[in-house]
Trainee: 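Below you will find the structure I want to go over with you.
These figures come from a predicted structure and were not determined experimentally. Numbered from 1 within each chain, the chains take letters A, B, ... in sequence-line order.
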Amino acid sequence: MAITNNDIAAIFNRVADLLELSGGNEFRVRAYRGAAMSVASFSQSLADIIISGQEIPKLAGIGKDLEGKIGEIVKTGKLAQLKELESQVPTDLIELTHLPGLGAKRVRLIFDKLGVKTIDALEKAARSEKIRAIRGLGEKTEKNILAEIEKRKGLQQNVKLIDAIKTAAPLVEYLKAVDGVMQVTVAGSYRRRKETVRDVDILVACSNAKTVMDVFAAYPQVKQILAKGLKKTTVVLESGLQVDVRAVSESSYGAALVYFTGSKEHNVAIRKIGVRKKIKLNEYGVFRGKRRIAGKTEEDVYATVDLPWIEPELREDRGEIDAATSGKLPHIIELDDIQGDLHAHTTTTDGRSSLEEMIEAAISRRYKYLAITEHTQHVTVANGLEPKAMRKRLAEIEKAGQKYKEITVLKGAEIDILSDGSLDLPEEILEELDIRVCAVHYKFNLTKEEQTSRILKAMENPWCQILAHPTGRQINIRSGYEVDLPAIFRAAAQHGVALECNAQPARLDLNDINLRAAKEVGAKFVISTDSHHTSELEFMQYGVWQARRGWLEKRDVLNSQSLKGLLSSLRKAPQAALSHK
DNA sequence: GCCGTTTTCGGCCCGACTGTTTTCAGTCG
């Protein structure tokens, strides 16, 4: 089993956790965590690079020592240093540090004094009031520990971006109505458009921070106040979502926006540039000595470290700072670039809007084209169409399409990839289609090798033009099938099969890192909503956000082209079939 | 453990809030 970058990152993170618990040098701990980040966000497989005998490229935060350790992990699957640490520090303690309010120091302290290693033992110790007896801890800390253990039992997952947006919208309006409030922006991972968010960070520019804190804490949906100060308040809403509100003056708004948008790693990276230039960046501004030299806008703040403004979706410290320094930031795609949708269902299969309703909804979005892609027969749960019914449906789509001058309706199908890699439609029907979207819908539990060869076989089929939702994952529901994605991406580039960025907010498949990895090997993409209702055409925005996080530009995305451009860029249908058309 | 436009040694981003203790350490983002 090949070692993935994520495996290496997990080992480094575990080393960091154990080093921290053993009281090791905090900067050394940080070095391991930084290395883990660096490895995890690197788009090529380090194992592949090493096994093929190439040099490991220079990665940020990885020096000679850690490079050697990556080699050791790839070659042996293990790290001797980790084994050594595991024999010295009880590994159970790592889980305790994940409890909010408990870090390595306190976990170690409680372990040393009471021998507590597990959550259960911790709960017992807290209930019998043994925690408060430890010098440096107290009654409040003990109660907080119990509260956190209780909360854990009804564990809150990261929420999907769409749910965070729905929750935040009324709260933003509520805060905007407060006297003295000038601007309200949801920052954090929400503004970076991550597929899920752990909490919602709201930045308020105002002249009366204390009032804003009081009014926010009194928001009717607040279930619990976790912290409340003069500038910052943290609450949990009834929905379980955590919300932070931070208030600053208008003159600091740009600096605060940079700080509060993150990511943390991006901020650290630009602050380090600041340190080299003898300036200090914080949420109030940029300072040279005591003198404030910027802070009102984000552009001003970036300019002090000689960087152009960087799109929030790129702020992950995954190379955007180097790109910005060298003037090579990508011109990432925008919603307005999208000219049509290539994946949509209707009431004939598992959709909830009629063909005409879907077409009219696409027209109202000013699309130039819309592909109707009903399921094929194997997907029985979605009322997939047998060849005969599919042929009838294609005729209906063609006829309906002729009624509309503003848009071209493409006859498509979402063709099931069967377990042997063949396509779920006979050639004579494949030939009638304008667009062929292929996807896996069952047998998720094949081995990685079986699943990979199944999908590769489908991609080698000359009729396969688009691979839809390539991993099959659903956010917070299932992780997707095991498949060799780098091999899929290479095949996509080689055969000219476009990879779908599925815009369903629960799919967003491919994800950001995979989109970028596929782009780097030369693959092309489509962004499609997989709509089952007219209202879902709006999901295009989510797909575009994910694509932006994956550094995709207009030229990478085929449905940003005119109909003519799209059709000439999609993989060509087999010549033999075309010749007798 | 990494890193270098004052450096190969001596730094390593920066501030808010909490709880504890009485001036600050720990945690978090």
Trainee: Tell me: CG of A/Asp306 to P of B/dT5, nearest whole Å?
Mentor: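 Taking CG of A/Asp306 and P of B/dT5, I get 14 Å after rounding.
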Trainee: Determine the contact category for A/Arg28: base if any of its heavy atoms lies under 4.0 Å from a base atom, sugar-phosphate if only primed atoms, P, OP1 or OP2 are that close, otherwise nothing.
Mentor: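 Touches a base.
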Trainee: Using atom CD1 of A/Ile270 as one end and atom P of B/dG15 as the other, report the distance to the nearest whole Å.
Mentor: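 Roughly 14 Å, once rounded to whole Å.
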Trainee: A/Phe27 has a side chain; which of B/dG15, B/dG1, B/dC17 sits nearest to it?
Mentor: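 Minimum distance to the A/Phe27 side chain belongs to B/dG1.
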Trainee: Starting at NZ of A/Lys272 and ending at P of B/dG10, how long is that distance when rounded to a whole Å?
Mentor: 20 Å
Trainee: A/Leu241 and A/Arg198: which non-hydrogen atoms are nearest, and at how many Å?
Mentor: CD1-O, 4.3 Å
Trainee: Would you please confirm or rule out a distance under 4.0 Å between OP1 or OP2 of B/dC14 and any side-chain N or O of A/Lys264?
Mentor: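 It does not, given that no N or O in the side chain of A/Lys264 lies less than 4.0 Å from OP1 or OP2 of B/dC14.
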Trainee: Between B/dT21 and B/dT27, how many Å separate the two P atoms, rounded to a whole number?
Mentor: 15 Å
Trainee: Does A/Leu99 reach a base, just sugar-phosphate, or nothing at all? Heavy atoms under 4.0 Å.
Mentor: sugar-phosphate
Trainee: How long is the gap from CZ on A/Arg507 to CZ on A/Phe539, to the nearest 0.5 Å?
Mentor: 12.5 Å
Trainee: I need the CZ-C1' distance between A/Arg135 and B/dG19, as an integer number of Å.
Mentor: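 From A/Arg135 CZ to B/dG19 C1': 14 Å.
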Trainee: Considering only atom P, compute the distance from B/dC9 to B/dC14 and round it to an integer number of Å.
Mentor: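 25 Å, rounded to whole Å.
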Trainee: How far, in whole Å, is B/dT7 from B/dC2 if one measures between their C1' atoms?
Mentor: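 Pairwise C1' distance, B/dC2 against B/dT7, rounds to 14 Å.
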Trainee: Using only side-chain N and O atoms of A/Arg30, determine if any of them is under 4.0 Å from OP1 or OP2 of B/dC13.
Mentor: yes
Trainee: What distance, rounded to whole Å, do you find between the two P atoms, one in B/dG1 and one in B/dT5?
Mentor: 23 Å
Trainee: Distance check, C1' atoms only: B/dC13 and B/dG29, in whole angstrom units.
Mentor: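 The answer is 12 Å between these two C1' atoms.
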Trainee: Give the nucleotide from the list B/dG1, B/dC28, B/dA16 with an atom nearest to the side chain of A/Pro100.
Mentor: B/dC28
Trainee: NA contact type, A/Glu26, heavy-atom cut-off 4.0 Å: base, sugar-phosphate, or nothing?
Mentor: nothing
Trainee: Rounded to the nearest 0.5 Å, what separation is found between the CG atom of A/Asp7 and the OG atom of A/Ser45?
Mentor: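 Answer rounded to 0.5 Å: 9.5 Å.
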Trainee: Is A/Arg271 near enough to B/dC13 that one of its side-chain N or O atoms lies under 4.0 angstrom from OP1 or OP2?
Mentor: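 Result: no.
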Trainee: When you get a sec, tell me which of B/dG1, B/dA16, B/dC28 is the closest nucleotide to the side chain of A/Lys69?
Mentor: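 Of the options given, the side chain of A/Lys69 lies nearest B/dG1.
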Trainee: Grab the two heavy atoms, one from A/Val197 and one from A/Ser189, that are nearest each other, plus how far apart they are.
Mentor: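 Heavy atoms only, the tightest pair is CG1-OG, 3.3 Å.
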Trainee: Report the glycosidic orientation of B/dT7: syn if within 90° of 0, anti in every other case.
Mentor: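 Base orientation relative to the sugar is syn.
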Trainee: Taking OP1 and OP2 of B/dC13, is either one under 4.0 Å from a side-chain nitrogen or oxygen of A/Asn267?
Mentor: no
Trainee: If each of A/Ala60 and A/Leu137 is mapped to the nucleotide of DNA chain B with the nearest heavy atom, which maps nearer the 5' terminus, i.e. the 5' end?
Mentor: A/Ala60
Trainee: If the C1' atom of B/dT23 is compared with that of B/dC17, how far apart are they to the nearest Å?
Mentor: 16 Å
Trainee: Give A/Tyr259 one of three labels, base, sugar-phosphate or nothing, depending on what nucleic acid heavy atoms sit under 4.0 Å from its own.
Mentor: base
Trainee: Would you say A/Tyr32 and A/Asp17 make side-chain contact, with heavy atoms under 4.5 Å?
Mentor: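 Answer no - side chains too far apart.
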Trainee: Would you indicate, yes or no, if B/dG15 has its OP1 or OP2 atom less than 4.0 angstrom from a side-chain nitrogen or oxygen of A/Lys280?
Mentor: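 For B/dG15, OP1/OP2 do have a side-chain N/O of A/Lys280 under 4.0 Å.
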Trainee: Both A/Val268 and A/Leu230 contact DNA chain B. Taking the nearest nucleotide for each, which residue is further toward the 5' end?
Mentor: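 Checking each residue's closest nucleotide, the 5'-ward one belongs to A/Val268.
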Trainee: Scan A/Val275 against the nucleic acid and name what it touches under 4.0 Å (heavy atoms): base, sugar-phosphate only, or nothing.
Mentor: sugar-phosphate
Trainee: In whole angstrom, give me the gap between the C1' atoms of B/dC3 and B/dT8.
Mentor: 9 Å
Trainee: Report the distance from atom NZ of A/Lys58 to atom P of B/dC3, rounded to the nearest whole Å.
Mentor: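 Checked: the NZ to P distance equals 4 Å.
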Trainee: Where the side chain of A/Lys140 is concerned, which of B/dC14, B/dA16, B/dG19 is the nearest nucleotide?
Mentor: B/dG19
Trainee: Quick check on B/dT18: is either OP1 or OP2 less than 4.0 Å from any side-chain nitrogen or oxygen of A/Asn144?
Mentor: no
Trainee: When you compare B/dG26 with B/dT20, how far apart are their C1' atoms, in angstrom units rounded to a whole number?
Mentor: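 Their C1' atoms lie roughly 10 Å apart.
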Trainee: Grab the NZ-C1' distance between A/Lys231 and B/dG29 for me, whole Å please.
Mentor: 16 Å
Trainee: Only one of A/Arg548, A/Arg192, A/Arg549 passes salt bridge (Lys or Arg N to Asp or Glu O under 4.0 Å) with A/Glu311; say which it is.
Mentor: A/Arg548
Trainee: Just the rounded figure in Å: distance from C1' of B/dC17 to CD of A/Gln242.
Mentor: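 In whole Å, B/dC17 C1' lies 13 Å from A/Gln242 CD.
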Trainee: What nucleotide, of B/dG26, B/dG15, B/dC14, holds the atom closest to the side chain of A/Lys105?
Mentor: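 Closest nucleotide to the A/Lys105 side chain: B/dG26.
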Trainee: Examine the side chains of A/Glu520 and A/Gln44 and answer whether a donor and an acceptor come within less than 3.5 Å of each other.
Mentor: no
Trainee: Give a yes/no answer on whether the side chain of A/Thr141 brings an N or O atom under 4.0 Å of OP1 or OP2 in B/dT18.
Mentor: no
Trainee: Could you walk me through whether A/Gln546 and A/Asp509 pass the side-chain contact (heavy atoms from CB on, under 4.5 Å) test, one step at a time?
Mentor: CA-CA 9 Å; A/Gln546 185 79 305; A/Asp509 178 11; over 6 Å; no
Trainee: In whole angstrom, what separates A/Leu226's CG from B/dG19's C1'?
Mentor: 15 Å
Trainee: In the strands shown, is B/dT8 matched to any nucleotide by a Watson-Crick or G-U wobble pair with both distances under 3.5 Å, and which?
Mentor: none
